[in-house]
A.B. asks: 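Questions regarding the structure given below will be posed in turn.
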Number of protein chains: 2
Amino acid sequence: MTQPQTAFRSRCSIARTLDVLGDKWTLLVVRDLMWHGKHTFQELQASEEHIAANLLSERLKRLMGLGLITKEAYQDRPVRYRYTLTDQGRSLEPVLLQIMGWGHVHLGGGLYDPQTGKTVAEAGQLP
Amino acid sequence: MTQPQTAFRSRCSIARTLDVLGDKWTLLVVRDLMWHGKHTFQELQASEEHIAANLLSERLKRLMGLGLITKEAYQDRPVRYRYTLTDQGRSLEPVLLQIMGWGHVHLGGGLYDPQTGKTVAEAGQLP
DNA sequence: CAGAGTGACTTGCAATTTGAAAGTGAGTCG
DNA sequence: CGACTCACTTTCAAATTGCAAGTCACTCTG
């Protein structure tokens, strides 16, 4: 426990961020927590992209380990859990926005507006 | 050539970007091409993080397929190749900067300044 | 109170991807 | 010729992913 559980590949901030968030699912979980009001395991699993339960479970654990989200029981009997972004987790918003902007322009994906909560545009095809 | 070879998981721009760039290596290749003057296979492979040759080869192919980089022979006899970012590839700079900024603040990685070409800071340890 | 249902996971296992190392081929140099 | 360089490709074991099914605690319905 003395050393950080994460041994980074290098001192490059980009490499470190990719070590930790660089896969196809993690940032989608963050997206759902950040913008789409999904907070339970079930809600997160039911997202459009359909993450498998084992992967969601593992990703949530990792995000907790990083201090980006917290888990709390919001009711007993039966116990139900809610996952929430910490301030650290919320600090990923500009990263998400930048990635979304790029994907919108270059891959024709939708553009979500956090202000209105609406997807503003779903552009056409490739560049 | 009419349809992209990529079938995206969803229409979400973030999901699409992750479909295409969401792994531990692709953006590091882009980083090296963008900022660190690495343009040959060898130079890219020799980076601090030591990407395996097969993965580098595959990533370069994918980036070419996406139109983010080009490959040209810059000499014959012996033929040697140079990889270069296209305008589309260069448009990833703000994404990279945002990721770097986050990794600097939250994971203690270095902060590279494209203006001066220097790494401005290499902060301490974890959050 | 038995049986069905729900939420939150975990387990098992096949398929895919990664990582390390060795191999290939064109060409140069001594 | 033999050694060396660059740019890959091949091989193969290990790790990760994806899908389905199973578990556990608890509630709700007849």
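Labels below follow one simple rule: chain letters A, B, ... track the order of the sequence lines, proteins then strands, and each chain is numbered from 1.
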A.B. asks: So do B/M100 and B/L97 actually touch side chain to side chain, heavy atoms under 4.5 Å?
C.D. replies: yes
A.B. asks: Walking along DNA chain D from 5' to 3', note the first and the last nucleotide with an atom under 4.0 Å from a heavy atom of chain A, and give both.
C.D. replies: D/dT17 to D/dT27
A.B. asks: Sort and list the pairs that fulfil ring-ring contact (aromatic ring centres under 6.0 Å, His included) and have at least one residue in residues 16-68 of chain B, not counting sequence neighbours.
C.D. replies: B/W35-B/Y112, B/H36-B/Y112
A.B. asks: For residues 27-39 of chain B, which residue pairs qualify under salt bridge (Lys or Arg N to Asp or Glu O under 4.0 Å), counting only residues two or more places apart or in two chains?
C.D. replies: B/R31-B/E49
A.B. asks: Treating primed atoms plus P, OP1 and OP2 as sugar-phosphate and everything else as base, which nucleotides of nucleotides 20-30 of chain C get B, S or - for protein heavy atoms under 4.0 Å?
C.D. replies: B------SS--
A.B. asks: Going by salt bridge (Lys or Arg N to Asp or Glu O under 4.0 Å), name the pairs with one or both residues in residues 50-60 of chain A, residues two or more places apart or in two chains.
C.D. replies: A/D23-A/R59, A/E58-A/R62
A.B. asks: Just the rounded figure in Å: distance from C1' of C/dG19 to CD1 of B/I51.
C.D. replies: 11 Å
A.B. asks: Expressed in angstrom and rounded to an integer, what is the separation of A/D23 atom CG from C/dT18 atom P?
C.D. replies: 11 Å
A.B. asks: Nearest nucleotide by nearest heavy atom, which residue falls closer to the 5' end of DNA chain C, B/E58 or A/Q45?
C.D. replies: A/Q45
A.B. asks: Rest of the hydrophobic cluster containing A/Y74 (Ile/Leu/Val/Met/Phe/Trp/Tyr, side-chain heavy atoms under 4.5 Å)?
C.D. replies: none
A.B. asks: To the nearest angstrom, how far is A/L56 atom CG from C/dC9 atom P?
C.D. replies: 8 Å
A.B. asks: Can you list every pair that meets salt bridge (Lys or Arg N to Asp or Glu O under 4.0 Å) and has a residue in residues 71-83 of chain B, with sequence neighbours left out?
C.D. replies: none
A.B. asks: Near DNA chain D, which residues from residues 31-41 of chain A have a heavy atom under 4.0 Å away?
C.D. replies: none
A.B. asks: Whole Å only: how far is the CG atom of A/L55 from the C1' atom of C/dG12?
C.D. replies: 14 Å
A.B. asks: Residues two or more places apart in sequence or in another chain: which of them pass salt bridge (Lys or Arg N to Asp or Glu O under 4.0 Å) with B/E93?
C.D. replies: none
A.B. asks: Which residues satisfy the side-chain contact (heavy atoms from CB on, under 4.5 Å) test with B/N54, sequence neighbours excluded?
C.D. replies: B/A52
A.B. asks: For residues B/I51 and B/L44, determine if any side-chain heavy atom of one lies less than 4.5 Å from a side-chain heavy atom of the other.
C.D. replies: no
A.B. asks: In whole angstroms, how far is the P atom of C/dT16 from the CH2 atom of A/W25?
C.D. replies: 16 Å
A.B. asks: My understanding is that a hydrophobic cluster links ILVMFWY residues whose side chain heavy atoms are under 4.5 Å apart, including indirect links. Using that, what else belongs to the cluster containing B/V79?
C.D. replies: B/Y81
A.B. asks: Ignoring backbone atoms, establish whether A/K61 has a side-chain N or O less than 4.0 Å from OP1 or OP2 of C/dA8.
C.D. replies: no
A.B. asks: Give B/R82 one of three labels, base, sugar-phosphate or nothing, depending on what nucleic acid heavy atoms sit under 4.0 Å from its own.
C.D. replies: nothing
A.B. asks: Whole angstroms only, please: what is the CE-C1' distance between A/M64 and C/dA8?
C.D. replies: 12 Å
A.B. asks: Give the C-alpha distance, both sets of side-chain angles, the deciding distance and a yes or no for salt bridge (charged side-chain N to carboxylate O under 4.0 Å, His left out) between B/R90 and B/D87.
C.D. replies: CA-CA 5 Å; B/R90 269 185 293 276; B/D87 284 348; 2.7 Å; yes
